[in-house]
Amino acid sequence: MEPTLTVHDLTRRFGRRTALEGVSLAFGRGVTGLLGPNGAGKTTLIRVLATTLAPDAGRVAAFGLDPADREQRLAIRRRLGYLPQSPGAYPHFTAFELVEYVAILKEIDDRRARHDEVRRVLAEVDLGDRAHTKVRRLSGGMRQRLALAQALLGDPDLLILDEPTVGLDPEQRMRFRALLSRLGASRTVLLSTHQTEDVTTLCERVVVMRTGGVVFEGTPGELAAQAAGQVWLTTTPPEGTFWRTPDGRYRTLGHRPPAAVPGEPGVEDGYLLLLGGEQVAA
Ligand SMILES: Nc1ncnc2c1ncn2[C@@H]1O[C@H](COP(=O)(O)OP(=O)(O)OP(=O)(O)O)[C@@H](O)[C@H]1O
Ligand SMILES: [Mg+2]
């Protein structure tokens with residue numbers, strides 16, 4: 001299958017700081033999760049992919065189009081839904097007005113069709129009954145859902161979401177997962193998250209970044225498998241870093257503590273070992 005989105009040897013610096021270095025990736029249909037510690041370069045990569053930031057070097061192609069070219073960039077944007085990490089606030093707009101404003105920018109020109117589309121995306125994020133509430137009167141999680149609603153306008157072929165699940169309560173996270181797995185069946189969805197559970201429950205592929213580079217690319221199962229034979233459960237606290245499990249045992253990663261039994265590796269274990277194996281295992 002032709003990938004929707006490819007980047008090749010991407011580099012982006014901010015002053016002397018390198019935010020991306022030699023990143024090459026391809027994204028096709030389905031949901032891909034982007035994991036990585038704070039400052040890894042996730043938002044920088046996402047902004048380049050969403051055509052809001054130009055790279056210093058490297059190539060980007062979305063739908064075979066080049067965002068460095070103004071006309072082609074416009075054509076990409078017409079097929080793109082984007083949720084930035086810090087969406088603008090517009091506190092005096094109502095929820096409806098805010099989404100409609102973006103719908104106008106997205107050139108949904110017919111007033112009736114536009115209003116129907118605004119109502120549709122507000123319903124998708126369960127904000128139908130808050131359409132006429134001012135943004136400043138919405139809760140943090142509701143604002144996050146409103147920002148997601150505007151990304152869904154026009155049913156884009158490519159959805160790029162920077163930490164979309166931040167601040168969502170469990171019920172809304174579940175709705176979000178249902179929505180994205182439905183969309184991912186026929187579209188390309190890329191989301192960044194710090195919740196390894198989002199990756200486990202939602203993503204077909206996962207990319208892990210660290211200090212501006214890609215350190216892992218594969219399925220969630222393959223990421224979990226990075227921790228195979230390195231997850232241990234004990235009944236007394238082991239040395240080093242450990243955490244208590246709900247059943248009262250202690251869980252640790254890395255070397256086998258005395259009298260430990262093996263635990264089932266998950267995505268989070270694979271991620272932790274991949275990034276900080278030594279510290280976690282110390
Ligand atoms: N506009 C900017 N000006 C200067 N430096 C920046 C800018 N944006 C990002 N950086 C730097 O680039 C690096 C990568 O930042 P980025 O925002 O891409 O990380 P991230 O993986 O999204 O982190 P987080 O998980 O905290 O959102 C960091 O060192 C950051 O300080
Ligand atoms: Mg970020």
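As the structure lists them, so they are numbered: ligands from 1, and atoms in each ligand from 1. From a predicted model like this one, the values you see are computed outputs, not experimental measurements.
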Taking only Lys NZ, Arg NE, NH1 and NH2, and the carboxylate oxygens of Asp or Glu, determine whether [X] and [Y] approach each other closer than 4.0 Å.
X: Asp155; Y: Arg187; value: yes
X: Arg114; Y: Glu117; value: no
X: Glu171; Y: Arg175; value: no

Min side-chain heavy-atom separation Thr4-Arg29 under 4.5 Å: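 When only atoms from C-beta onward are counted, Arg29 and Thr4 do not touch, as no gap falls below 4.5 Å.
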Considering non-hydrogen atoms of the protein only, which is the closest contact for [atom], and what is the distance?
atom: atom 26 (O) of ligand 1; answer: Asn38 ND2, 2.9 Å
atom: atom 12 (O) of ligand 1; answer: Ala19 CB, 3.3 Å
atom: atom 16 (P) of ligand 1; answer: Thr44 OG1, 3.6 Å
atom: atom 11 (C) of ligand 1; answer: Arg17 CD, 3.8 Å
atom: atom 14 (C) of ligand 1; answer: Gly39 O, 3.3 Å
atom: atom 17 (O) of ligand 1; answer: Thr43 CB, 3.5 Å
atom: atom 2 (C) of ligand 1; answer: Phe14 CD2, 3.5 Å
atom: atom 25 (O) of ligand 1; answer: Lys42 NZ, 2.7 Å

Does atom CD of Glu268 have more than 12 heavy-atom neighbours from other groups under 6.0 Å away?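 Not more than 12 within 6.0 Å, no.
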Could you tell me, atom by atom, which parts of ligand 1 come under 4.0 Å of a heavy atom of [X]?
X: Glu163; answer: 25 (O), 27 (O)
X: His194; answer: 25 (O)
X: Gln85; answer: 27 (O)

Can you tell me if Thr43 has an N, O or S atom under 2.8 Å away from the Mg ion (ligand 2)?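 Thr43 does place an N, O or S atom closer than 2.8 Å to the Mg ion (ligand 2).
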Contact flag Asn38/the Mg ion (ligand 2), N/O/S atoms, threshold under 2.8 Å: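 No, since none of the N, O or S atoms of Asn38 sits under 2.8 Å from the Mg ion (ligand 2).
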Least distance between heavy atoms, Pro67 atom then Thr51 atom: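 Smallest heavy-atom distance, with atoms named: CB-CG2, 3.7 Å.
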Given 3.5 Å as the limit, does a donor-acceptor pair link the side chain of Arg210 with the main chain of Leu275, or not?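 Between the backbone of Leu275 and the side chain of Arg210 there is a qualifying donor-acceptor contact (under 3.5 Å).
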Could you check Val121, Leu152, Val125 and say which one makes a side-chain contact (heavy atoms from CB on, under 4.5 Å) with Val99?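 Looking at Val121, Leu152, Val125, the match for Val99 under the side-chain contact (heavy atoms from CB on, under 4.5 Å) is Val121.
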I need the single residue from Thr245, Asp269, Thr234 that forms a side-chain hydrogen bond (donor to acceptor under 3.5 Å, both in side chains) with Arg251. Which is it?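 Exactly one pass, corresponding to Asp269.
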Check Ser192 against ligand 1 and report side chain, backbone, both or neither, counting heavy atoms closer than 4.0 Å.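 Near ligand 1, Ser192 shows nothing, with every heavy atom at 4.0 Å or more.
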